[in-house]
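First up is the structure itself, then whatever we jot down about it.
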Amino acid sequence: MNKLIRLIPLILFIALGAVLYRGLSLNPQELPSALIDKKMPSFELTQLLNPEVTLTEQDLKGQIVLLNVWGTWCVYCKYEHPYLVDIAKGGRVSLYGLNYKDDRADATQWLSDYENPYIFSIFDDLGKLGIELGVTAAPETFVIDQAGVIRMKHVGPIDAKVWKDKFLPLIEILEKENQGIS
């Protein structure tokens with residue numbers, strides 16, 4: 001019995017090491033979302049650049065949409081911004097912004113300074129839609145299909161590798177679905 005008691009610290013150490021090893025092997029950008037394959041949550045918010053215009057989830061339907069969560073306070077948003085401009089110029093998807101927990105004047109100035117890649121940005125100053133979407137930080141990007149169903153959530157900035165490896169395969173599938181080829 002004494003030998004068994006002496007082994008308890010070793011067993012606990014091995015168990016703790018296994019848990020920590022498992023944690024280190026996880027990709028923090030692969031956060032699961034409970035909203036995958038579910039409809040875009042209902043919302044009613046104003047447009048960032050035109051506060052008189054009210055937007056709803058209906059404004060994002062009928063096309064393949066990238067909804068990019070961004071803020072002027074977000075360092076990685078500035079990093080990915082030139083790539084978002086390229087994606088918008090490519091015209092393959094419709095790029096919308098969700099300006100998250102930001103100041104309207106600061107965000108407007110930011111888009112003026114760095115070029116606006118978005119068809120429009122939803123102004124979510126209180127973060128209500130962000131909470132509905134399960135946003136943990138910016139940047140995050142959601143892929144929404146033509147029916148308004150969330151098909152993917154990406155946490156972190158988009159760059160050429162992420163675009164090629166993660167977004168393009170899904171976009172090709174959605175394009176085929178839209179053509180009835182799938």
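- Follow the hydrophobic side-chain contacts under 4.5 Å out from Leu49 and you never reach Val85; the two are in separate clusters.
- Within the 3.5 Å criterion, the main-chain N or O of Ile87 finds no donor-acceptor partner in the side chain of Arg92.
- Residues Trp163 and Leu168 have side chains in contact (heavy-atom distance under 4.5 Å, counting atoms from C-beta outward).
- We find the OG1-CG distance between Thr141 and Asn68 to be 4.0 Å, quoted to the nearest 0.5 Å.
- In this structure, OG on Ser121 lies 9.5 Å from CH2 on Trp110, to the nearest 0.5 angstrom.
- Ring geometry for Trp70 versus Tyr118: interplanar angle under 30°, hence parallel rather than tilted (30 to 60°).
- A distance-only check finds no donor-acceptor pair linking the side chain of Asn116 to the backbone of Leu111 [under 3.5 Å].
- Side-chain contact, Tyr114 with Gln109: no donor N or O sits under 3.5 Å from an acceptor N or O.
- In this view, Lys164 satisfies the side chain to side chain donor-acceptor pair (under 3.5 Å) rule with no residue, not counting sequence neighbours.
- Judged by distance alone, with hydrogens and angles left aside, the side-chain atoms of Asp102 form a donor-acceptor pair with the main-chain N or O of Thr72 at under 3.5 Å.
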*Verify side-chain contact (heavy atoms from CB on, under 4.5 Å) between Leu35 and Lys153, making sure each step is shown before the conclusion.*
CA-CA 9 Å; Leu35 294 176; Lys153 174 184 177 181; over 6 Å; no
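- With rounding to the nearest 0.5 angstrom, the CG atom of Leu7 is 9.0 Å from the CD1 atom of Ile14.
- Between Met40 and Ile150, the closest side-chain pair of non-hydrogen atoms falls below 4.5 Å.
- Nearest heavy atom pair, residue Pro117 against residue Ala88, reads O-CB, 3.2 Å.
- The two atoms that bring Gly71 and Cys77 nearest to each other are N-SG, 3.7 Å, heavy atoms only.
- Side-chain atoms of Ser94 and Leu66, non-hydrogen and from C-beta on, never get closer than 4.5 Å to each other.
- With contacts defined as side-chain heavy-atom distances shorter than 4.5 Å, the pair Asp59/Phe120 qualifies.
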*Can Val65 and Val143 be said to form a side-chain contact (heavy atoms from CB on, under 4.5 Å), step by step?*
CA-CA 6 Å; Val65 168; Val143 177; over 6 Å; no
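- For the pair Asp124 and Lys101, the minimum side-chain heavy-atom distance is 4.5 Å or more.
- In this structure, OG1 in Thr56 is found 9.5 Å from NZ in Lys61, a value given to the nearest 0.5 Å.
- Residues Tyr100 and Val69 come closest through the heavy atom pair CB-CG1, 3.6 Å.
- Under a 3.5 Å cut-off, the side chain of Glu80 and the backbone N or O of Ile158 do form a donor-acceptor pair.
- The aromatic rings of Tyr76 and Tyr79 lie perpendicular to each other, with more than 60° between the two planes, well past the 30° mark.
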_Worked verdict on Phe43 versus Leu55 for side-chain contact (heavy atoms from CB on, under 4.5 Å)_ = CA-CA 8 Å; Phe43 67 90; Leu55 303 166; 4.2 Å; yes
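- With rounding to the nearest 0.5 Å, the separation of CG in Leu126 from NZ in Lys128 is 5.5 Å.
- Applying the salt bridge (charged side-chain N to carboxylate O under 4.0 Å, His left out) rule to Glu132 yields no partners; only residues at least two apart in sequence or on another chain are considered.
- Not a single donor-acceptor pair under 3.5 Å links the side chain of Glu140 to the backbone N or O of Pro157.
- Side-chain atoms of Val162 and His154, non-hydrogen and from C-beta on, do get closer than 4.5 Å to each other.
- The minimum heavy-atom distance linking Leu95 with Leu84 is given by the pair CD2-O, 3.6 Å.
- Follow the hydrophobic side-chain contacts under 4.5 Å out from Val149 and you never reach Ile171; the two are in separate clusters.
- Listed by first and then second residue, the salt bridge (charged side-chain N to carboxylate O under 4.0 Å, His left out) pairs that reach into residues 105-117 are Lys89-Glu115, sequence neighbours excluded.
- Side-chain atoms of Thr54 and Glu44 form no donor-acceptor pair, as typed in the model, at a separation below 3.5 Å.
- Of the N and O atoms on the side chains of Gln63 and Asn178, not one donor lies less than 3.5 Å from an acceptor on the other residue.
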_One pair to check against side-chain contact (heavy atoms from CB on, under 4.5 Å): Lys161 and Lys166. What are the steps and the verdict?_
CA-CA 8 Å; Lys161 181 171 179 19; Lys166 195 168 182 182; over 6 Å; no
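- Among Asn99, Asp125, Thr46, the one residue that satisfies the side chain to side chain donor-acceptor pair (under 3.5 Å) test with Arg104 is Thr46.
- Between Gln146 atom CD and Ile64 atom CD1 the span is 4.5 Å, to the nearest 0.5 Å.
- The cluster map of Ile, Leu, Val, Met, Phe, Trp and Tyr, joined by side-chain heavy atoms under 4.5 Å apart, puts Ile131 and Leu45 in different clusters.
- No donor-acceptor pair closer than 3.5 Å links the side chain of Lys39 to the backbone N or O of Glu57.
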